[in-house]
Amino acid sequence: MARPLPGMPGAGSGLMKPIPDRVTLLGIRHHGPGSARMVRAALDAVRPQVILVEGPPDADNLIEHVGELIPPVALLLHDAADPSEAAFWPFARFSPEWQALTWGARHSVDVRFADLPAGISLAREKTEEVDRVVVDPLGVLAEAAGFDDPERWWEDVVEHSSAEPTQLAAAVAEAMTALREEFADTVDQRTLQREAWMRQVLRKALTDYDGPIVVVCGAWHVPALQQLPAAKADADLVKGLTKRKIAGSWVPWSHGRLAATSGYGAGVASPGWYAHLWEYTKDTIPRWMARTSHVLREEGLPASTASAVEAVRLADTLAALRGRPSPGLSEVSEAALAVLCGGDDVGLRIVHEKLVVGEELGQVGSGVPRSPLATDLERLQRKLRLPASAAEKNMRLDLRRDIDRGRSRLLRQLHVLDVRWGEPDETTTLGTFAEAWTVRWDPGLAVAVAAAARHGATVEDAAEHVLLEQAKSAETVADAAEVLREAVACELVNAVTAARAALDRCAAAATDALELLQALPALAGTVRYGSVRGTDPELLRAAMHGLLARGSAGLPLACHGIDDQTAEVALSTMDKAHEAVVLAADEEHTAGWWEALQRLVRTDPPAHGLPTGRATRLLWEDDRLDTEAVAVRMQRAVSAAGTGTSFVAGFLRGSAVRLAADPRLLGLVDEWLTGLPNEAFEDALPLLRRAISSFSAPERRTLAERVAQGGGPAVLVADDGDPERTARLVEFVRGLYEGARV
């Protein structure tokens, strides 16, 4: 007779009753193919009238859709009032719970979930701290058996076991009972409440059915289900728990998400390997090595059939030396590394990514309930021939083609809804009519889709609703311009109109020139590419030119009397505004921008050195200031106390590559240095060194090599008739540059 566990309600009262003989407890390891085989064999032997599976009872109504699913899939349950508060329960083909669900569907046997409801779990996660970690039962048993790896112990003892399934289940239960007794003080309150709820579900099943009952649950919980305390004791343990109203569905899952590295607590590190173990019970290792060879050859790496045969032999030998019943993942990986990969772990990393973890993505049938927005998204995916895939894909979209324009529109509308299926590559310039995207469907995006459903029944309606709200709440010109940019990209006319009105409202209230200029980058792209999206660019160009005119007029004053932090903002704003002007402004307003930069560098007293130095550089690069005039301004800045460093930094920042490659720019610095009076020379060089300190290590190294090779300022090779003085000067300047390499 099973002993009552310490900590169970009523354990010492003498009211504990053993469960009836018609109840079979199957203690499993989540996502273990050996456990899955044990469950399926036990179900075939017992032929139960009802199956209780560890899982949230709030999802009982979704069990009927199991036949429409292709794993890996997951239950997605969320707070009905706040879909962003959600949790997943994933299943793979090799999950014991999945085998129980599908066995019940095939044999028309009732299946119920038996665990703490998701409505309670989500409420706890919202209001309480995370429970303390309990003992790792597999770790303890593995250590007792002399294994240093719990996964390997379970694989040897259970996954590769040939024992009769109910006997194997009984052995697992006995081991877990001993552990639960020894580590009773480590069992937290949440575990006790979960097990109390499991027993309540079991009592209900014993009342509703008079035939055999099978319970499939984590092995750790089996000892707590072997005895039934008084029903009131369990009810008292879960009394008063807050419970939320729950909604949910089935969603596709992936092997990558099942991996332990994805953050899923009950995950496995090698779902692709476990799927292989489940699928092939014969010739398991030869088939694995054949697949490994195929993957390597697809990547252009040599992997012959003869090598695969040798790898199988090596894996078998390693398993025999280690006393294992058959090769495990460690043996096949070591054999593949030595024989198929030639000791190079690059190939092994490819195998790990594509086979050991895998890229398999599940499917959910059309009859499974889901939100209208999720249904619309699936319709658009089919229409645009853009299926969800767990594999990353790079796409080039030609916006002159209707299908590519539709794909871009969908991806951008999803961005507005915070469904990050695709990411645009803003660093790649493909012209007015093309975009670059990287797309990869992460199953976790299902939560974002569920959360977005509150905004509308279709992707378009939901995105428009979000943009209208953003336009209404925009407080700065830059905010309104960004909403306008997104509305144009999403091709949502009502949102474009609202964002345009918000831009006018914010611009009318703005008095800061920098705030006005900060809106230009978003507007410039919108002006240039708006016609591709079906938006009249002239309406947007007028808004951009108005902001540019006002911002240009106030720029010189905005750079006076500011601190270093504000000067950094001014420098960044100027750079981005300049790019916007070059990209989209007409000739008249471009001239106004250049005039503003001229006024900034001529102001007396001078403005802050950072924006002044950058304005000087921009004017010089466009031949609006000659080299001599720039050198004079550098000398003047250095001679003014406290402004030299910021001016030189503003002039040179971000120019590392050009300094090393452009003789004209390097010559300008040379002319400035050589034109300094003797007494100012030693003061100027440290300023230069500090100015280039923001360069990256590779950039500093390239610049130092250029100087060391004699390609630096002419002062390094100048000869004023005093060889000794020249030599000292050369070493002094080189030392300053070399210091930048550290």
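Just so it is clear, the values below take in all heavy atoms, side chains as well, and ignore hydrogens, waters and symmetry mates.
When all heavy atoms are compared, the tightest approach of Pro443 to Leu361 is CG-CD1, 4.1 Å. Of all the heavy atoms in Val201 and Ala114, the pair that sits closest is CG1-CB, 3.7 Å. Looking at every heavy atom in both residues, Gly104 comes nearest to Val111 through CA-CG2, 3.9 Å. Minimum interatomic distance between Pro96 and Ser35 (heavy atoms only, all atoms of both residues): CG-CB, 3.4 Å. Smallest separation of non-hydrogen atoms from Val364 and Val251: CG2-C, 3.6 Å. Taking all atoms of both residues into account, the shortest heavy-atom contact from Leu77 to Leu122 is O-CD1, 4.1 Å.
Counting only residues at least two apart or in different chains, ring-ring contact (aromatic ring centres under 6.0 Å, His included) contacts with residues 443-470 comprise His455-His465. The salt bridge (Lys or Arg N to Asp or Glu O under 4.0 Å) contacts involving residues 88-107 comprise Arg93-Glu360, where partners must be two or more places apart or lie in separate chains. Sorted by first and then second residue, the salt bridge (Lys or Arg N to Asp or Glu O under 4.0 Å) pairs with a member in residues 205-229 read Arg112-Asp208, Lys204-Asp208; sequence neighbours excluded.
If you check the side chains of Asn494 and Thr497, you find no donor sitting under 3.5 Å from an acceptor.
Put simply, the side chain of Gln470 never gets that close to the backbone of Val483: no donor and acceptor are under 3.5 Å apart. Between the Ser270 side chain and the Val356 main chain, no donor and acceptor come within less than 3.5 Å of each other. Proximity of a side-chain donor or acceptor of Ser121 to a complementary backbone N or O of Pro117 within less than 3.5 Å is detected. Between the side chain of Arg194 and the backbone N or O of Asp115, no donor-acceptor pair lies under 3.5 Å. Looking at Thr102, its side chain does come within 3.5 Å of a backbone N or O of Gln99 through a donor-acceptor pair. Counting only distance, with no hydrogens or angles, the side chain of Asp58 and the backbone of Ala247 share no donor-acceptor pair below 3.5 Å. The main-chain N or O of Cys217 is never found under 3.5 Å from a side-chain atom of His221 such that the two would form a donor-acceptor pair.
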Full working for ring-ring contact (aromatic ring centres under 6.0 Å, His included) between Phe113 and Trp89: CA-CA 12 Å; Phe113 282 123; Trp89 282 261; 8.7 Å; no
Checking Arg257 against Asp442 for the salt bridge (charged side-chain N to carboxylate O under 4.0 Å, His left out) test, could you report, in this order, the C-alpha distance in whole Å, the side-chain angles of both residues, the deciding distance, and whether it holds? CA-CA 8 Å; Arg257 270 274 178 167; Asp442 184 326; 2.7 Å; yes
Do Asp376 and Arg379 pass the salt bridge (charged side-chain N to carboxylate O under 4.0 Å, His left out) test, and can you show the C-alpha distance, the side-chain angles, and the key distance before you say yes or no? CA-CA 5 Å; Asp376 183 58; Arg379 177 187 66 81; 2.7 Å; yes
Please walk me through it: do Arg412 and Glu435 pass salt bridge (charged side-chain N to carboxylate O under 4.0 Å, His left out)? CA-CA 12 Å; Arg412 291 191 179 276; Glu435 291 179 343; 3.0 Å; yes
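More than 12 heavy atoms of other residues, nucleotides or ligands sit less than 6.0 Å from atom CD of Glu469.
If you take CG on Leu399 and CZ on Arg407, they are separated by 12.0 Å, rounding to the nearest 0.5 Å.
Residues satisfying the ring pair (Phe, Tyr, Trp, His ring centres under 6.0 Å) criterion with His294, sequence neighbours excluded, are absent altogether. Scored by the salt bridge (charged side-chain N to carboxylate O under 4.0 Å, His left out) test, Asp479 finds no partners at all (sequence neighbours excluded). Residues meeting the ring pair (Phe, Tyr, Trp, His ring centres under 6.0 Å) test with Phe91, sequence neighbours left out: Trp250. Scanning for side-chain contact (heavy atoms from CB on, under 4.5 Å) contacts around Thr375 gives Arg370, with sequence neighbours left out. Judged as a side-chain contact (heavy atoms from CB on, under 4.5 Å), and not counting sequence neighbours, the contacts of Asp110 are Val50, Tyr209. With sequence neighbours excluded, no residue forms a ring pair (Phe, Tyr, Trp, His ring centres under 6.0 Å) with Trp197. With sequence neighbours excluded, the residues forming a side-chain contact (heavy atoms from CB on, under 4.5 Å) with Val295 are Ile350, Lys354, Leu355, listed by chain and number. With sequence neighbours left out, the side-chain contact (heavy atoms from CB on, under 4.5 Å) criterion links Ala230 to no other residue.
Ring orientation note: the planes of Phe94 and Tyr274 are nearly perpendicular, at an angle over 60° on the 30°/60° scale. By the 30° and 60° cut-offs, the orientation of the rings of His276 relative to Tyr280 is tilted.
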Show the atom names and distances, to 0.1 Å, of all donor-acceptor pairs under 3.5 Å that link a side chain in residues 61-73 to residues at least two apart or in another chain.
unit_1: His65; atom_1: ND1; unit_2: Glu68; atom_2: OE2; d: 3.0
unit_1: Glu68; atom_1: OE1; unit_2: Gly367; atom_2: N; d: 3.1

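Geometric assessment of Arg180 against the ring of Trp220 yields a positive cation-pi assignment under the 6.0 Å and 45° thresholds.
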